[in-house]
*Asks:* 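One structure, pasted below without further comment.
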Amino acid sequence: MRRLIVFLMGALAMSTQAIAQDAGDAPRWTLVIHGGAGVIERAGMTPEREASIRTSLSGALEAGATVLREGGAALDAVEAVVRVLEDDPQFNAGRGAVFTYEGTIEHDAAIMDGATRGAGAVTGTSHTRHPITLARRVMEESPHVFLRGLGADQFSVEQGLEQVPNEWFHTPERRRQLDEMLAREAQGLSAYDVDLKYGTVGAVALDQNGNVAAATSTGGLTGKRWGRIGDSPIIGAGTYADDRACAVSATGAGEYFIRLAVAHEICAQLRFRFAEEIEAAQASVPLDGEGNPTYIVHASEFELTDAQVQEVVDGVIAELGALGGTGGVIVATPDGYGGYSFNTPGMYRGMVSSEREAGVAIYGDE
Ligand code: ASP
């Protein structure tokens with residue numbers, strides 16, 4: 001039917017954006033990852049630390065690329081990436097997550113499958129080594145989408161996932177950041193995440209079957225209290241995937257991402273990007289004897305160019321910035337776009353696809 005629409009579109013010269021995918025096209029795959037955005041600048045980085053971050057990002061990227069290259073599912077790829085980064089103490093997820101005000105670690109994570117729009121998320125877990133895998137279990141093994149705190153910890157045990165003492169997640173650098181924050185607070189200074197480095201991790205992927213998926217995992221913000229929950233585990237805010245549009249994982253000041261429902265907003269804007277063209281194409285579809293259309297035109301008939309996707313993604317991040325929010329997103333679409341947008345000086349990130357060699361970057365000018 002795609003050919004029918006393309007024919008109709010061509011005949012009516014309505015758009016140059018509708019592109020038929022030849023049946024013989026090699027299946028494409030894409031993977032984009034992030035390790036957080038923020039005030040990440042060359043001046044504040046040692047060569048050793050920079051090299052170490054790049055090596056870590058490359059390793060995580062390869063963990064996901066291996067899955068996709070071999071024809072595996074986007075869902076498996078994003079989980080594989082995030083598990084690697086959760087174990088890496090340099091990022092604010094799993095081991096190395098930031099401390100709460102009380103000096104404990106409480107993780108948030110979410111995963112979403114664009115093929116089914118199935119989703120799973122957890123918040124405030126304290127003992128699961130890989131919160132992203134727990135989120136996936138919530139999606140696949142429970143009747144729910146979102147579990148919190150003790151209940152999520154209990155479900156994790158029941159699922160037989162690896163448990164570790166909360167201290168296992170602690171690192172001296174994160175302790176120092178909390179102490180610094182508390183000292184500033186004691187002086188009456190603004191204390192909240194003073195260095196504005198969000199080390200949340202995430203991945204989005206397109207697999208060879210045309211499915212997209214997204215995963216995000218974090219410790220939240222340094223010194224979070226009163227049960228604060230950020231955007232990362234909230235489906236539609238920091239994490240979203242829909243095969244009809246895209247997959248998104250965010251990092252940044254979670255409160256703003258929640259208010260704009262950033263991940264869903266990007267997907268929705270992409271999904272309805274061709275609303276007028278779809279309406280016009282639908283109007284040209286022949287009707288059956290009862291006056292009903294013989295074919296329903298779908299948004300997936302239209303292939304967005306990378307530039308069009310980028311425009312939408314940048315637009316949502318600009319809107320975030322206009323509210324005062326900082327951070328960024330990574331995005332993958334079923335058409336093969338892989339990219340990102342952020343309004344902070346840097347974002348730890350990496351990208352690889354069937355057409356493009358693996359590359360990692362840190363600063364905004366790379
Ligand atoms: N977005 C996360 C949160 O607000 C923080 C981060 O990106 O590091 O919890």
Side-chain angles (χ1 to χ4, degrees), residues 32-40 53 56-57 81-82 85-86 88-101 104-111 121-125 131-132 135 146 148-149 169 171 173-174 177-178 181 191-204 214-240 248-266 316-317 320-321 323-331 340-349 362:
V32 192
I33 71 171
H34 72 77
V39 184
I40 304 167
I53 294 273
S56 292
L57 289 171
V81 168
V82 170
L85 294 172
E86 283 177 339
D88 192 321
Q90 297 177 108
F91 301 97
N92 173 18
R95 187 152 193 238
V98 297
F99 281 90
T100 64
Y101 195 82
T104 59
I105 303 284
E106 291 185 7
H107 294 121
D108 295 340
I111 194 162
V122 291
T123 183
T125 65
I132 198 63
F146 201 3
R148 75 176 155 95
F169 301 115
T171 59
E173 173 59 12
R174 297 302 187 193
Q177 288 172 357
L178 176 66
M181 196 208 97
Y192 216 40
D193 254 301
V194 280
D195 56 359
L196 291 173
K197 278 196 193 68
Y198 309 106
T200 289
V201 308
V204 292
T216 313
S217 184
T218 188
L221 296 183
T222 302
K224 66 181 183 182
R225 63 196 300 201
W226 307 305
R228 182 262 184 194
I229 303 169
D231 60 313
S232 310
I234 296 180
I235 299 302
T239 308
Y240 203 75
V248 180
S249 171
T251 170
E255 282 67 13
Y256 294 89
F257 285 78
I258 295 172
R259 287 164 59 193
L260 285 183
V262 163
H264 185 270
E265 176 71 18
I266 290 172
V316 174
I317 293 301
L320 179 93
L323 280 187
T326 53
V329 288
I330 51 171
V331 180
Y340 50 82
S341 185
F342 55 93
N343 65 7
T344 46
M347 178 160 87
Y348 299 133
R349 59 200 187 275
I362 295 179

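Both ligands and their constituent atoms are indexed starting at 1 by order of listing.
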*Asks:* Relative to ligand 1, is A37 under 4.0 angstrom through side chain, backbone, both or neither, heavy atoms considered?
*Replies:* neither

*Asks:* Checking contacts here: is it the side chain or the backbone of N92 that comes within 4.0 Å of ligand 1, counting heavy atoms only? Could be both or neither.
*Replies:* side chain

*Asks:* Under a 4.0 angstrom heavy-atom cut-off, which atoms of ligand 1 come close to G220?
*Replies:* 5 (C), 9 (O)

*Asks:* Check whether any heavy atom of G199 sits under 4.0 Å from an atom of ligand 1.
*Replies:* yes

*Asks:* Tell me yes or no: between the side chains of T200 and T218, is some donor less than 3.5 Å from an acceptor?
*Replies:* yes

*Asks:* Ignoring hydrogens and angles, tell me if any N or O in the side chain of K224 forms a donor-acceptor pair with the backbone of E106 under 3.5 Å.
*Replies:* yes

*Asks:* Drop me the distance from T100's OG1 to I105's CD1, to the nearest 0.5 angstrom.
*Replies:* 7.0 Å

*Asks:* Please identify which atoms of ligand 1 are closer than 4.0 Å to at least one heavy atom of D231.
*Replies:* 1 (N), 2 (C), 3 (C), 4 (O)

*Asks:* Could you tell me whether a side-chain N or O of T123 sits under 3.5 Å from a main-chain N or O of R148, the two making a donor and an acceptor?
*Replies:* no

*Asks:* Within this structure, what is the CG-CG distance for the pair D108 and D231, rounded to the nearest 0.5 Å?
*Replies:* 9.0 Å

*Asks:* Counting both backbone and side chain atoms, is some N or O of G252 under 3.5 Å from an N or O of ligand 1?
*Replies:* yes

*Asks:* What atoms of ligand 1 come within less than 4.0 Å of a heavy atom belonging to S232?
*Replies:* 1 (N), 2 (C)

*Asks:* Which atoms from ligand 1 have a heavy atom of T251 less than 4.0 Å away?
*Replies:* 6 (C), 7 (O), 8 (O)

*Asks:* Within the distance-only criterion (no hydrogens, no angle test), does the side chain of N92 pair as donor or acceptor with the backbone N or O of V98 below 3.5 angstrom?
*Replies:* yes

*Asks:* Does G36 reach ligand 1, in the sense of a heavy atom lying below 4.0 Å from it?
*Replies:* no

*Asks:* H264 side chain to I235 main-chain N or O, any donor-acceptor pair under 3.5 Å?
*Replies:* no

*Asks:* Quick one: which ligand 1 atoms are inside 4.0 Å of a heavy atom on G230?
*Replies:* 9 (O)

*Asks:* Counting distance only, does the side-chain N/O of D88 pair as donor-acceptor with the main-chain N or O of I53 below 3.5 Å?
*Replies:* no

*Asks:* With heavy atoms only and a cut-off of under 4.0 Å, state how R228 meets ligand 1: side chain, backbone, both or neither.
*Replies:* side chain

*Asks:* Any N or O on G254 sitting closer than 3.5 Å to an N or O of ligand 1?
*Replies:* yes

*Asks:* Measure from the side-chain N and O atoms of T239 to the backbone N and O of S232, and report whether any donor-acceptor pair falls under 3.5 Å.
*Replies:* yes

*Asks:* Is there a polar contact, in the sense of an N or O pair closer than 3.5 Å, between E255 and ligand 1?
*Replies:* no

